[in-house]
Amino acid sequence: MRWSQTYIPTLRQQQSDAELISHQLLLRAGYIRKLGAGIYLYLPLMQRVIEKFSNIVREEMNRAGGLEITMSVLCPAELWQQSGRYDTIGKEQMRLKDRHQHDMVLCGTHEESVTYLVSGELKSYKQLPLNLYQIQVKFRDEIRPRFGLMRGREFIMKDAYTFDADETSFAKTYQGMVDAYFAIFRRAGIEVVKVESDTGAMGGKAAHEFMLLVDTNAGEEIIINCEKCKYAANVEKAEFTDPANLKIDNELKDMEKVDTPGAATIEEVTAFLKVDASRLVKTLMYMADGKPVAALIRGDRDLNEIKLKNAVKANELEMANPEQVQQYTGAPVGFAGPIGLKENVKILVDPLVAKLKNFIVGANENEKHILNVNLGRDFKAAHTVDLSLAREGDICPRCGGRLIKRDGIEVGNTFMLGTKYSETLGAKYLDAEGKEHPCIMGSYGIGITRTPQAVLEKYFDDKGIIWPKSIAPYLVELIPISMESPEQVETAEKIYNLLRDNNIEVLYDDRPERAGVKFNDADLVGLPIRITIGDKSLKQGKVELKARSEKDMELVAVEDIVRAVKKLAERLN
RNA sequence: CGGGGUGUGGCGCAGUCUGGCAGCGCACUUGCUUUGGGAGCAAGAUGUCGGAGGUUCAAAUCCUCUCACCCCGACCA
């Protein structure tokens, strides 16, 4: 492609509203433009990157037995009402009415559509397993779009759905997808880690996320992983063993109410009573689908809201506001405790609290706390369930190693859906005995537009992008220093044709620009290999060959250029 | 939805407090000179100052309403 014939509007100046380096680079190098909040246009270079990555995904999905289909992004609301997600997925779903005033949704994921498809056609166990996927646009009306393609409202996703007859077969299918995912991301030039994750609105039994670990500030997720074994989980999901070595009293002491003037926070109370935070138990008031819940957490730990949300099986969970706290505890925020709450407040206790004896809680009275409180004797809990947020320094639940914290960008996910959708939407088959069963389903996503941007968080320098060759829009950038030199132009044309004849993708910067402009644009755009044609080397019948990722260049005779490019490309990431 | 902020030429911004010719840099057009890392000189084109209403002799500037976008939080791939 000739630069003069394509559309690559590079920008000299930084765009102020781009936070992430990867977002900044895509804007500056002329890959994307923004149309509105979370709405992006993909320019010719980005289109090629998307195609490159899509093809990698397609190849690996096909290799793993996937069958490509396309399902409309539009879906009648009835299907979503049937699965029950019309109500649970909430405001994130784009909804609209057609001209007949029928309720429609723009799909953010396609479990309903694909299960509908299969439920009509699938009859026998002989048709299983089945693996259907598509690469297609998704809409999610994100509450706060940001980070460019990382969290847009419209994005492209590869979503696959599998149907199996039984758990043994499903386990093989799931592992097949996991293997395919590692292969895909390796080919795209990044190493990802598979972590356990919460299933969220997707529902189902278990889920994993594929994370690119980043050192930049681009992490949108926090990963907890073990230094010793392979345990890794999204912090939302992460389990841990408490490392604190606490002295637990043998005897239960009598309760004692004390004044704690001005001490509402954990810090203030520990300072006032001169005790360690681990002797305190904080009572956090939440509203779960409108019903009050009190979560009891040891004073030195933080609550994991996802764990709480799952424990109470709520669709919506939010912290109680001060009025609600007053209503249910009878005291201002800061003095809530498990004793004397209004009767309809459900009390959940973290296991770390359950182990404590003679702990300190709020008295449900302004500026008062109660000492020597004991679970069972002084109050009762609805459940004891893990509610604490894992943190660096905790102990691995699998091997006893130390847990550390990393920032990650989610580039893919896999969900074990079980029979949630096959039951509600009727994807059932007859087994060898003629008995009917719902399919065991899985669903698997890869962000097609997000992943290339995530890749950029790893591949850049102060001059611009440095693409891995597998998803670069072109392999080679060809630059004659001066378009006014007939010799240079003649050589450039010759090389341009040579490369194209050999199926090497090349971007030929044929603009009548100064060398500096071309070099800077080339570095910004980030193609893996640059060929420079200038008078100095041309006198010896040679041109310069340089990798974007390396400092040194080599001189290559024009007739050797194809071989030299191929050899260099082989060496590059 | 809550808190904070910004809307001025294609892009980046100043001007707003204290009302008085709508400016700067980059990009763009033309010419000359230059030509191995974002050239120089000269001449030019480009604006409903986000929108509506109001105050005033006079509004980018003050007032009211409104829209869009950004940042922090709740949500999430």
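- For the residue pair A/Tyr40 / A/His23, a side-chain donor-acceptor distance below 3.5 Å is found, with atom types taken as modelled.
- Looking at heavy-atom distances under 4.0 Å, A/Asn413 makes contact with sugar-phosphate atoms alone, never a base.
- Salt bridge A/Glu209/A/Lys237: absent, no basic N to carboxylate O contact under 4.0 Å.
- Nearest nucleotide to the side chain of A/Lys463, out of B/rG38, B/rG37, B/rC72: B/rG37.
- Note on A/Arg144: a side-chain N or O is less than 4.0 Å away from OP1 or OP2 of B/rG73.
- Projected onto RNA chain B by closest heavy-atom contact, A/Arg146 and A/Asp535 fall at different nucleotides, the more 5' of which corresponds to A/Asp535.
- As the counterpart of B/rC13, B/rG23 is assigned, both hydrogen-bonding distances of the Watson-Crick or G-U wobble pattern falling under 3.5 Å.
- Residue A/Met319 is out of contact with every strand shown, counting any heavy-atom pair closer than 4.0 Å.
- The partner of B/rC75, taking Watson-Crick or G-U wobble pairs whose two distances both stay under 3.5 Å, does not exist in any strand shown.
- Note on A/Gly534: a base of the nucleic acid sits closer than 4.0 angstrom, heavy atoms only.
- Residue A/Gln488 places no side-chain atom within donor-acceptor reach of the base of B/rG36, judged by atom type and a 3.5 Å distance cut-off alone.
- Each of B/rA39, B/rG36, B/rC71 was ranked by its minimum atom distance to the side chain of A/Lys536; first place goes to B/rG36.
- With hydrogens and angles left out, the side chain of A/Arg514 and the base of B/rG40 share no donor-acceptor pair within 3.5 Å.
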Next on the checklist: Generate the contact string for nucleotides 22-32 of chain B. Rules: B means base contact, S means sugar-phosphate contact only, - means no protein heavy atom under 4.0 Å.
Outcome noted: ---BSS-----

Give me, pair by pair, the N or O atoms of the protein and of nucleotides 5-7 of chain B that are less than 3.5 Å apart, along with how far apart they are.
none

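- At least one side-chain nitrogen or oxygen of A/Lys34 sits closer than 4.0 Å to the OP1 or OP2 atom of B/rC70.
- Side-chain contact of A/Gln93 with A/Lys91: a donor-acceptor pair under 3.5 Å is absent, judged by distance alone.
- Within the nucleic acid shown, A/Gly408 has no heavy atom closer than 4.0 Å to any nucleic acid atom.
- Among the protein residues, A/Arg28 comes within range of the nucleic acid bases, having at least one heavy atom under 4.0 Å from a base atom.
- Judged as a side chain to side chain contact (heavy atoms under 4.5 Å, CB included), and not counting sequence neighbours, the contacts of A/Arg391 are A/Asp300, A/Arg301, A/Asp394.
- Spacing of C1' atoms, B/rC24 relative to B/rC65, comes out at 33 Å, to the nearest Å.
- For B/rC62, the paired base is B/rG54 (Watson-Crick or G-U wobble, both distances below 3.5 Å).
- Using a 4.0 Å heavy-atom criterion, one finds that A/Arg153 contacts no nucleic acid atom at all.
- The partner of B/rC32 is B/rG40, judged by Watson-Crick or G-U wobble contacts that both fall below 3.5 Å.
- Scanning for side chain to side chain contact (heavy atoms under 4.5 Å, CB included) contacts around A/Met71 gives A/Ile69, A/His110, A/Ser113, A/Val114, A/Gln134, A/Tyr161, with sequence neighbours left out.
- No contact: A/Lys158 has no heavy atom under 4.0 Å from any strand.
- B/rC67 and B/rG9 are spaced 22 Å apart, taking the P atom of each and rounding to whole Å.
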Item to check | A/Thr162 and A/Asn131: CA distance, side-chain angles, deciding distance, side-chain hydrogen bond (donor to acceptor under 3.5 Å, both in side chains) verdict | outcome: CA-CA 4 Å; A/Thr162 62; A/Asn131 182 338; over 6 Å; no

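- Scored by the side chain to side chain contact (heavy atoms under 4.5 Å, CB included) test, A/Thr6 finds A/Met1, A/Ile8, A/Pro44, A/Leu507 as partners (sequence neighbours excluded).
- Heavy atoms of A/Gln93 sit nowhere under 4.0 angstrom from any nucleic acid atom.
- The partner of B/rC49, taking Watson-Crick or G-U wobble pairs whose two distances both stay under 3.5 Å, does not exist in any strand shown.
- With sequence neighbours excluded, the residues forming a side chain to side chain contact (heavy atoms under 4.5 Å, CB included) with A/Met553 are A/Glu544, A/Lys546, A/Leu555, listed by chain and number.
- The side chain of A/Ala37 has B/rC70 as its nearest neighbour among B/rG36, B/rG38, B/rC70.
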